[in-house]
Participant: 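Submitted below is the structure of interest, expressed as structure tokens.
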Amino acid sequence: MENSTLADILFKISTLLEMKEENPFKIKSYQKAAVNIENLPENVEEIYKKGGRPALEKLDGIGKGLSERIEDIIKTGRSSYLDKLRKDIPDGVTEMLNIQGVGPKLAMKLFRSLRIKTVEELLSAAKNGKLKKLEGIEDKKVFNIIKAVENYKNMNEKHFLGEALPYAETIVKQIEKNGLGTKALICGSLRRMKETIGDIDILATSEHPGDLMALFTSLPGIKEIAAKGKTKSSAIFDNGMNVDLRVVDEREFGSASHYFTGSKQHNIKIRKIAISKGLKVSEYGVFKGRKRIAGRTEEELFKALGMQYVPPELREDSGEIEAARKRALPALIDLKDIKGDLHMHSNHTDGTASIEEMAKAAKKLGYEYIAITDHSRSTKVAGGLNEKELLEQMGEIDRINKKISGFKILKGAEVDILKDGSLDFPDELLSKLDIVIASIHSGFSMTKDEMTKRIIKAMQNRFVSIIAHPTGRLIGRRMPYEIDIENVISEAARTGTVLELNSYPDRLDLKDIHCRMAKEKGVKISINTDSHNTNNLSYMKYGIGTARRGWLTKKDVINTLDLGELMDHLERP
DNA sequence: GCCGTTTTCGGCCCGACTGTTTTCAGTCG
């Protein structure tokens, strides 16, 4: 069972407990356990299989009660406790919590007093005046609920990092353009580089907060203003993106950005540490009694708490706070460490740019090398190359390499891993290439066992350098293949195979926690863009963000090596 | 329901906004 599935069940339990007005701290325990499990690199089911409930109870936030619930879930595939809770509260009532302004109390009141049990029923009750029968609900609230339901209905859930980040950057530019916002910073899960994000949070300082709010709320593309105050405004843009802008004083900027960046669990733990030191942390600063002792910068805030600076991408309460207190955080990889890109396509297959155009674009980014890795013959939809075409392409690369100085194009291929784990090209041909990437493009619906064996067999081929997009997921569209990722990582460690972190915004595969797991087993990662045109090369920053979330350093990543070192690394005995 | 360099019992992060209210509960981040 995936950790995310398990975490999901625990989240659902916490929601239902909240609606039943259980002890708030019990509710928090379930939430905390869910978050911890979600961020855990090791598979909880495996932990349980190896060490039983005592092993579970060693995990942070899991005690006797929760280990029993988790055992039940692992053994039966469902939670009898959750099933019991759901009997009393229909799923539709829980769904109403997604409506802005409807929380657990109101949802239950609607259900108990008016028998409203779906979002649709809520909308019609709002429209036909039934809602006003409830105490404490007047016209304004009814109006807001109608608006919120409509927003909920045409909101398409989460947005890709690769979609949200450029959008947010454009808004920041517009805010800073006319000098009203002296400083603006993207915060929230976007700053933490999560693979999908809900809202965009922007923090700004300004000499003229009122004017800045007026500017923000009149930006092009705004569909609706959800709130507009002196220091905070919230707007919904026509692509469904919800953007919050907050303005704070310069001297609060650090503590405010830390607070608005989150994650929630990280903030809670930071505040607890503050309390244990006789301090108080809020978005307005770090306080000793009434005296502000830090807040202008985030560095200052962490220093005041006796900690190392924690980069935003690590702030998930997954060990970063403990490490920062011991000054043991890794020096995370940075975009500028990248010296080349080892996975891209040209117009010989499904790319749109020529090899030379790709090379020149990469050189312009400051890279020393790239690998051209077009598809192999079996990937028919992408126009995969046959042996003869690949040999011709290798000749072309030799010719282009002579033309471009101070830069090297490696001869590569993205070779299909066939259903039996063999490769789409014979070893004799693979041996002529500088780099071989192997990946799966068909036969997704195999059992976990078969799929794991298939990939492991490919890794055992001595010519295979990298496994590309190892889990095959497409975020929001396709689940990962059924594979035993821990086994795959162990085998990669044994064979010295590199695993890819594919930077394509809807892939980000390996994902953050798997990167961390690979690093711990000593497996090297290659962060590649899988570009199909020259613009795609810029996707590298999403891969870097994910790598940082996975605690990777420069030395964990092979395409930070210079060309000579890389060629040595790619040599197989 | 979890947790412990003051604790195995008594705590558990902090503050703003909204809509409804004359002092606050609910919601949100």
Side-chain angles (χ1 to χ4, degrees), chain A residues 10 13-15 17-19 21-36 56-70 81 96-110 131-132 134-145 147-148 187-192 197-203 226-234 242-248 252 255-287 295 301 305-306 317 321 325:
Chain A
L10 297 178
I13 291 174
S14 82
T15 304
L17 292 174
E18 206 172 352
M19 302 183 79
E21 296 188 55
E22 272 272 6
N23 177 351
F25 301 109
K26 180 174 170 180
I27 296 163
K28 268 190 196 140
S29 299
Y30 277 88
Q31 282 169 356
K32 193 175 167 217
V35 171
N36 287 350
L56 293 179
E57 285 166 30
K58 286 209 183 80
L59 298 173
D60 194 29
I62 294 173
K64 286 203 182 320
L66 273 155
S67 74
E68 195 179 334
R69 303 278 184 232
I70 293 167
Y81 185 50
M96 290 196 288
L97 300 181
N98 295 317
I99 310 299
Q100 284 272 331
V102 179
K105 297 267 162 55
L106 180 56
M108 285 311 276
K109 197 166 166 185
L110 292 165
L131 282 194
K132 279 179 69 178
L134 287 180
E135 197 185 336
I137 292 193
E138 294 297 330
D139 288 341
K140 191 83 188 256
K141 185 83 184 169
V142 174
F143 177 74
N144 284 344
I145 286 177
K147 246 187 3 185
C187 293
S189 51
L190 194 46
R191 184 162 175 236
R192 305 201 312 278
I197 64 115
D199 301 347
I200 294 175
D201 292 302
I202 300 173
L203 180 71
K228 184 182 173 184
K230 270 188 285 185
T231 62
K232 179 191 162 180
S233 291
S234 187
N242 199 333
V243 186
D244 290 348
L245 175 67
R246 301 156 207 257
V247 185
V248 298
E252 299 159 347
S255 46
S257 67
H258 175 261
Y259 165 64
F260 292 127
T261 298
S263 68
K264 196 173 172 182
Q265 293 298 326
H266 170 91
N267 287 351
I268 288 174
K269 197 167 263 186
I270 288 288
R271 287 170 180 197
K272 275 187 187 166
I273 287 170
I275 292 169
S276 74
K277 290 178 172 289
L279 303 172
K280 188 184 72 167
V281 170
S282 77
E283 54 261 53
Y284 299 110
V286 182
F287 296 89
L301 179 147
L305 297 175
D317 187 19
I321 291 176
R325 297 186 85 178

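Note that the coordinates shown come from a computational prediction; the quantities given were computed from them, not determined experimentally. Proteins come first, then strands; the chains are lettered A, B, ... in the order of their sequence lines, and each starts at number 1.
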Participant: Checking contacts here: which listed nucleotide (B:dG29, B:dC2, B:dT20) is nearest the side-chain heavy atoms of A:K141?
Facilitator: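 For A:K141, the side-chain atoms sit closest to B:dT20.
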Participant: So that I can tick it off, tell me whether A:E21 and A:K26 are bridged by a salt bridge, with the cut-off set at under 4.0 angstrom between side-chain N and carboxylate O.
Facilitator: no
Participant: Measure from the side chain of A:N144, starting at C-beta and using heavy atoms only, and say which of B:dG1, B:dG19, B:dC13 lies closest.
Facilitator: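 Of all the options, the side chain of A:N144 is nearest to B:dG19.
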Participant: At 4.0 Å (heavy atoms only), tell me whether A:Y30 reaches a base, stays on the sugar-phosphate, or touches nothing.
Facilitator: sugar-phosphate
Participant: Categorize A:I270 for me: base, sugar-phosphate, or nothing, with a 4.0 angstrom heavy-atom threshold over every strand shown.
Facilitator: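 If one applies the 4.0 Å heavy-atom cut-off, A:I270 turns out to touch nothing in the nucleic acid.
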Participant: Hey, are the side chains of A:L131 and A:L110 touching, using non-hydrogen atoms and a 4.5 Å cut-off?
Facilitator: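 Yes, close enough: below the 4.5 Å cut-off.
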Participant: Measure distances between side-chain N and O atoms of A:D244 and base N and O atoms of B:dG29, and say whether any donor-acceptor pair falls under 3.5 Å.
Facilitator: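 Side chain to base: no pair below 3.5 Å.
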Participant: Out of B:dC13, B:dT27, B:dG29, which has the shortest distance to the side chain of A:R271?
Facilitator: B:dC13
Participant: Between A:K232 and A:D244 (salt bridge meaning N to carboxylate O under 4.0 Å), is one present in this structure?
Facilitator: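 Salt bridge flag = no for A:D244 with A:K232.
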Participant: Base, sugar-phosphate, or nothing: which does A:P24 touch, judged by heavy atoms less than 4.0 Å apart?
Facilitator: nothing
Participant: Kindly point out which of B:dC17, B:dG1, B:dG15 is positioned nearest to the side chain of A:K280?
Facilitator: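 Of the candidates, B:dG15 comes closest.
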Participant: For A:L66, which contact category applies under a 4.0 Å heavy-atom criterion: base, sugar-phosphate, or nothing?
Facilitator: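 A:L66: backbone/sugar contact only, no base atoms under 4.0 Å.
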Participant: Does A:Y284 get its side chain close enough to the base of B:dG15, under 3.5 Å, for a donor-acceptor pair?
Facilitator: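 Checked by distance alone, the answer is no.
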Participant: The side chain of A:K26 is closest to which nucleotide in this list: B:dG15, B:dG1, B:dT20?
Facilitator: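 Nucleotide nearest to A:K26's side chain: B:dG1.
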Participant: What's the closest nucleotide to the side chain of A:D60 if the choices are B:dG29, B:dC13, B:dC3?
Facilitator: B:dC3
